[in-house]
Protein chains: 2
Amino acid sequence: MSAAHGRTRGEYAKSSARRQAILEAAVEVFASAGFHRGSLRDVADRAGLSQAGVLHHFPSKPHLVAAVLTWRDDESRQRFVDDVPGGLETVRALVALIEYNQRKTPELVELYATLSAEATSSDHPVHEYFVRRYAWVVGYVQRAFESIAGSGELRADVDPAAAARWVVALMDGLQIQWLYDRDSVDMAAHVRTYIRSLLTVDL
Amino acid sequence: MSAAHGRTRGEYAKSSARRQAILEAAVEVFASAGFHRGSLRDVADRAGLSQAGVLHHFPSKPHLVAAVLTWRDDESRQRFVDDVPGGLETVRALVALIEYNQRKTPELVELYATLSAEATSSDHPVHEYFVRRYAWVVGYVQRAFESIAGSGELRADVDPAAAARWVVALMDGLQIQWLYDRDSVDMAAHVRTYIRSLLTVDL
DNA sequence: GTCTATAGAGGGATAGAC
DNA sequence: GTCTATCCCTCTATAGAC
């Protein structure tokens with residue numbers, strides 16, 4: 001994905017401070033306004049430089065939003081995916097990730113909820129990104145459930161493929177409900193309780 | 001809701017043909033483009049009149065999109081909510097509604113999925129509409145589960161309030177997945193199977 | 001690398017003729 | 001009720017000075 005806008009990870013280091021500030025500003029702007037309503041001017045103002053300055057670091061608006069998404073994915077992956085052995089641990093890491101996002105990076109939750117719905121249109125700049133992302137996430141959770149089933153810890157009447165879709169759908173749907181009423185929805189608790197109901201062991 | 005833009009249901013009849021054509025065009029436009037990217041010019045072109053003509057029937061863009069939402073809600077309610085006794089029948093009607101929407105009005109699914117995510121921002125024109133809508137839908141499903149629990153048809157370890165949130169979240173999340181890959185996700189089947197897993201009786 | 005200025009497109013809403 | 005014309009705004013992206 002980094003290669004999509006013609007840069008390798010090494011090149012980012014050159015002007016990383018500015019780029020980082022722009023990315024962080026972009027998260028806030030696109031999170032609350034989405035891609036189409038969020039403007040480069042808003043991003044520029046928050047990052048403390050001019051709009052043309054932003055376009056010096058990222059050649060276009062689609063490039064910027066793509067960079068935001070892959071940047072955050074890399075972070076999440078390092079924190080919660082790499083080094084996780086699989087099976088029950090994968091599911092535990094998933095719940096931990098939700099808890100972390102809800103508490104520490106609520107703008108991120110907003111960003112993904114807003115963009116994933118907006119990008120269902122096939123001509124949206126990050127449509128392909130989300131197609132790949134969903135395929136990967138659903139497959140990842142499915143493999144975890146298959147591993148759990150293999151050790152007899154999944155309820156016999158639960159289909160791993162369906163359960164994977166359900167868990168991912170539940171996460172997305174709860175995000176929406178949470179965004180409308182943050183005080184009365186605890187996403188991580190709901191997902192944990194739900195996953196427990198699929199297992200023969202505790203989480 | 002109709003009263004929100006200063007008209008009672010009776011007044012609609014006057015110029016209903018045009019209004020109807022505009023509403024149908026607006027569904028298509030806002031469904032695939034969302035509120036902000038969808039333009040009145042697009043709506044006008046599809047409805048076969050000028051952009052100023054559209055604004056004669058609906059005083060502003062927010063008025064138009066609000067009218068679209070309440071119009072479709074009224075239709076759904078008449079078809080699937082009124083006359084439904086409650087309890088298991090409510091849940092069956094819910095699945096029937098999903099099946100109907102998926103097969104007959106996919107643009108509608110797209111419209112609600114796109115707008116519900118976009119409108120999480122509190123300054124969005126239809127934010128309040130969705131706040132009320134979620135409160136109503138979740139409460140409606142919760143009452144159905146409570147009734148089902150009352151007749152011993154809900155699994156003992158299932159909390160009606162949590163289950164209601166889960167079902168609504170599952171529906172929303174599956175909509176997103178379905179929009180990204182319409183061939184490999186059967187929303188109604190997933191919801192039916194999931195709800196079955198919460199019951200002690202068949203659906 | 002950052003700025004100002006501006007081109008160029010597209011949008012919502014209004015005025016006023018018919 | 002419907003149109004054309006237009007105003008005025010916002011936005012992305014580019015050009016070119018520093």
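Within every chain, numbering begins at 1; the chains are lettered A, B, ... in the order of the sequence lines, protein sequences first and strands thereafter.
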- [ ] Calculate the interatomic distance between A:Phe58 atom CZ and C:dT2 atom C1'; express it in whole Å.
- [x] 15 Å

Task: N-O pairing of A:Arg165 and B:Asp186 below 4.0 Å - done: no

Open item on the list: Taking 4.0 Å as the cut-off, does a side-chain nitrogen or oxygen of A:Ser50 come that near to OP1 or OP2 on C:dT2?
Closed with: no

TODO: Name all residues meeting the salt bridge (charged side-chain N to carboxylate O under 4.0 Å, His left out) criterion together with A:Arg143; count only those two or more places apart in sequence or in a different chain, and write none if there are none.
DONE: none

Task: For atom CZ of B:Arg19 and atom C1' of D:dT2, their distance in whole Å - done: 16 Å

Task: Contact residues, residues 30-39 of chain A to DNA chain D [heavy atom, < 4.0 Å] - done: A:Gly38, A:Ser39

Open item on the list: Any carboxylate oxygen within less than 4.0 angstrom of a Lys/Arg side-chain nitrogen, looking at B:Glu110 and B:Arg182?
Closed with: yes

Open item on the list: Could you tell me how far apart A:His63 (NE2) and D:dT12 (P) are, to the nearest whole angstrom?
Closed with: 15 Å

Open item on the list: What I want to find out is whether A:Arg77 reaches A:Asp82 closely enough, with some N-O distance under 4.0 Å, to be called a salt bridge.
Closed with: no

Open item on the list: I'd like to know whether A:Phe130 forms a ring-ring contact (aromatic ring centres under 6.0 Å, His included) with A:His124, so could you lay out the CA-CA distance, the side-chain angles of the two residues, the decisive distance to 0.1 Å, and finally the verdict.
Closed with: CA-CA 10 Å; A:Phe130 276 105; A:His124 194 285; 8.1 Å; no

Open item on the list: Taking only side-chain N and O atoms of A:His56, does any of them lie within less than 4.0 angstrom of OP1 or OP2 on C:dC3?
Closed with: no

Nucleotides 13-15 of chain D: which of its N/O atoms have a protein N/O under 3.5 Å away?
{"from": "D:dA13", "atom 1": "OP2", "to": "A:Lys61", "atom 2": "N", "distance (Å)": "3.0"}
{"from": "D:dA13", "atom 1": "N7", "to": "A:Gln51", "atom 2": "OE1", "distance (Å)": "3.4"}
{"from": "D:dA13", "atom 1": "N7", "to": "A:Gln51", "atom 2": "NE2", "distance (Å)": "3.4"}
{"from": "D:dA13", "atom 1": "N6", "to": "A:Gln51", "atom 2": "OE1", "distance (Å)": "3.3"}

Open item on the list: Please verify the inter-ring angle class for A:Tyr129 with A:Tyr112; under 30° counts as parallel, over 60° as perpendicular, anything in between as tilted.
Closed with: tilted

- [ ] Answer yes or no: is there an ion pair linking B:Glu99 with B:Arg192, defined by an N-O contact shorter than 4.0 Å?
- [x] yes

Open item on the list: Rounded to whole Å, how long is the line connecting atom CG of B:Asp45 with atom C1' of C:dG11?
Closed with: 13 Å

Task: Over-ring placement of B:Arg92 relative to B:Phe80, 6.0 Å and 45° cut-offs - done: no

